[in-house]
Amino acid sequence: MLRLGIDVGGTNTDAVLIDGDDVRGAVKASTTADVTGGIVTALRELRQATGFDPAAVDAVMIGTTHFINALVEGERLAPTAAIRFGLPATRALPPLVDWPGRLAAAVGGHGYLCQGGHEYDGSEIAAFDEAEFRAVLDKAVEAGATSFALSSVFSPVNGEFENRAAEIIAEQLPGTPVSLSHEIGRMGLLGRENATIVNAALRDLADQVATGLTRTVAEAGIDAPVFLSQNDGTLMDVDYARRYPVATFASGPTNSMRGAAFLSRLPSCAVVDIGGTTSDVGILQNGFPREASADVAVAGVQINFRMPDVLSLGIGGGSHVVRDGTGAAVGPASVGYRLGREALVFGGSRLTATDIAVAGGRAEVGDPSLVAHLERSFVDAALAEIDARLAEVVDRMRVSAEPVPVVAVGGGSILVPEDLAGASRVVRPEHFAVANAIGAAIAQVGGEVDRVYSVVPEQRDAVMDAAREEAVDRAVAAGARPGSVEIVDVEEVPLAYLPGNATRVRVKAVGELSLGGHDA
């Protein structure tokens, strides 16, 4: 199977061609402001380097920063109505209550409360009031909302109210984007609701991006299905991405970690992924990124859908380096995608971390003579600063005192020393610079269930079987080939503080992606 993997980062757009387990070619191109321009360049250079026939490509996998960048920047967000079913409870904390003011305004600031919701066991808090909901819907439309985020208390246990509300919106406003919290987030009302609002606000952009990416691939002469990378290291097809753009937020570091596992053959290790602007450090467990166990903040918004446990550091290949007393300060400011023309070794005038790596003998890029004038004591101080900060982050991510193997990937990983404190060894595999695109190309398709069940002993097996079946169904819906899906993780946590044998069950399933007639 011939796969094309593309990763669009803030600095570079990487593309790789993989045939089975063989990396046939890899290229880097500068990311452009319109993003698709960088993809076009990368595809052209990859074809020149490998001579591949576009018609022979079976699938294209893309990791993109489109959506998280839109949220961080507070731009290109659709006016969104956040409607929650929870009254008479939850009144004290209305929708958008914990959002930064700038972002709340960017999505329109439309929050509404309705009667309804359920208890953890699926029983109603209050009945669904259709007249009330239709009145709220009219208010939201009058206020300018063009996308809807529906949440209900304990909807992962019982999504009835969200589904009924979605049916009414489809009837009254055909074609309007609707996001349902029980399909997006986990247990925990505010985090799940926030994730749903973010998703709804990105739906219009997701449609534009999906169309643009598909068109760009087609214009390159490639007639193959296009998939996007998800936060957990799995894939979703383009139509799924149109409905759930929020699932792409952490695809960059996740792809790098999956690519690191593939290249190093180390399924369990620490991964240091250094790009042009930041370093992302995560832990691989059985070939997949360790997931965050609690809510994570994205652009100041607490969300609780699946995300990898990653720590980011403002050090990259393009980081500014300046004197700091007798030492050196590195980052967080960066030249980003301008590295190729602004760094000293490339004839520019800005001293960057890449220049320091070249001057210190860690890398051979550009023209070393252009940094020969740097004082050795200053170079050593800058390298020591980089080493100490990287080692600190790796140490924070370890779960034991034992040193762990560290796999260094990303174009900026030339900054990582051969001997890093806290690492049993440092591995820099072949094709390390494009591990993110490789991670996208090898990704599988997954589905997950995270729900609270009332589990009585004699029904436990039936409950667990139902959860497994739903996880498999979700994986297939996301693009997995039926029959290839396997359960890779099962978590069962009794909730002792709730009556009725309440148990939180999380099941994750993963399978090979379905290519229809292209399936191997």
Side-chain angles (χ1 to χ4, degrees), residues 9 11 253 256-257 260 263-264 266 269-284 309-336 339 343-345 350-366 368 370-430 432-433 435-436:
T11 303
S256 292
M257 286 191 277
L263 294 171
S264 68
L266 291 174
C269 60
V271 177
V272 177
D273 172 28
I274 306 183
T277 304
T278 61
S279 299
D280 296 316
V281 180
I283 297 293
L284 277 169
D309 187 9
V310 174
L311 283 179
S312 294
L313 178 66
I315 288 181
S319 293
H320 296 176
V321 180
V322 298
R323 292 187 181 275
D324 182 17
T326 58
V330 183
S334 170
V335 297
L339 177 66
L344 296 184
V345 292
R350 169 68 69 176
L351 179 61
T352 69
T354 295
D355 299 316
I356 294 296
V358 172
R362 290 188 182 176
E364 296 181 5
V365 296
L370 297 177
V371 291
H373 66 282
L374 296 177
E375 299 173 15
R376 186 66 203 192
S377 60
F378 175 67
V379 171
D380 289 344
L383 290 174
E385 170 71 4
I386 292 171
D387 295 353
R389 291 175 65 186
L390 288 174
E392 178 189 1
V393 177
V394 170
D395 187 59
R396 288 172 61 188
M397 294 299 290
R398 287 188 296 164
V399 295
S400 72
E402 294 297 318
V404 295
V406 171
V407 180
V409 295
S413 63
I414 56 175
L415 303 180
V416 182
E418 295 299 324
D419 184 15
L420 183 68
S424 59
R425 57 188 169 120
V426 174
V427 179
R428 212 182 317 268
E430 187 180 9
F432 66 88
N436 44 12

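Numbers here simply count residues along the sequence, with the first being 1.
Atom CG of Leu339 sits about 9.5 Å away from atom OG of Ser319, to the nearest 0.5 Å. Taking CG of Asp395 as the start and CG of Leu311 as the end, the distance is 11.0 Å to the nearest 0.5 Å. Interatomic distance, Ile315 CD1 to Ser279 OG, rounded to the nearest 0.5 Å: 6.0 Å.
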**Request:** Check the pair Leu370, Asp355 against side-chain contact (heavy atoms from CB on, under 4.5 Å), reporting the backbone distance first and the verdict last.
**Result:** CA-CA 9 Å; Leu370 297 177; Asp355 299 316; over 6 Å; no
**Item:** Derivation of the side-chain contact (heavy atoms from CB on, under 4.5 Å) call for Arg425 and Leu266
**Value:** CA-CA 12 Å; Arg425 57 188 169 120; Leu266 291 174; 3.5 Å; yes
**Message:** Go through it in stages, so that I can follow the logic: the residues are Asp309 and Ile283, the test is side-chain contact (heavy atoms from CB on, under 4.5 Å), and I'd like the CA-CA distance, side-chain angles, deciding distance and then a yes or no.
**Reply:** CA-CA 7 Å; Asp309 187 9; Ile283 297 293; over 6 Å; no
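In this structure a side-chain-to-backbone donor-acceptor pair under 3.5 Å is missing from Ser264 to Pro429. Put simply, the side chain of Asp273 never gets that close to the backbone of Ser256: no donor and acceptor are under 3.5 Å apart. A donor-acceptor pair is defined here as one N or O able to donate and one able to accept, closer than 3.5 Å; no such pair exists between the side chain of Asp280 and the backbone of Ser312. Judged by distance alone, with hydrogens and angles left aside, the side-chain atoms of Arg389 form a donor-acceptor pair with the main-chain N or O of Val330 at under 3.5 Å.
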Side-chain donor-acceptor distances from residues 401-417 under 3.5 Å, at least two apart:
from   : atom 1 : to     : atom 2 : distance (Å)
Ser413 : OG     : Gly410 : O      : 2.8

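The 12-atom threshold is not exceeded at CZ of Arg396, counting heavy atoms of other residues, nucleotides or ligands nearer than 6.0 Å. Within a 6.0 Å radius of CZ in Arg398, other residues, nucleotides and ligands contribute more than 12 heavy atoms.
Under the 4.0 Å criterion applied to side-chain N and carboxylate O atoms, Glu418 and Arg362 are not assigned as salt-bridge partners.
For residues 319-335, the pairs satisfying salt bridge (charged side-chain N to carboxylate O under 4.0 Å, His left out) are Arg323-Glu375, with sequence neighbours left out.
By the 4.5 Å heavy-atom criterion applied to side chains, Met257 and Val310 are counted as neighbours. Considering only heavy atoms from C-beta on, Leu263 stays 4.5 Å or farther from Glu430 through its side chain. Between Leu390 and Leu313, some side-chain heavy-atom pair lies under the 4.5 Å cut-off.
At a cut-off of 3.5 Å, with distance as the only test, no side-chain donor of Asp380 or Ser377 sits close to an acceptor on the other residue.
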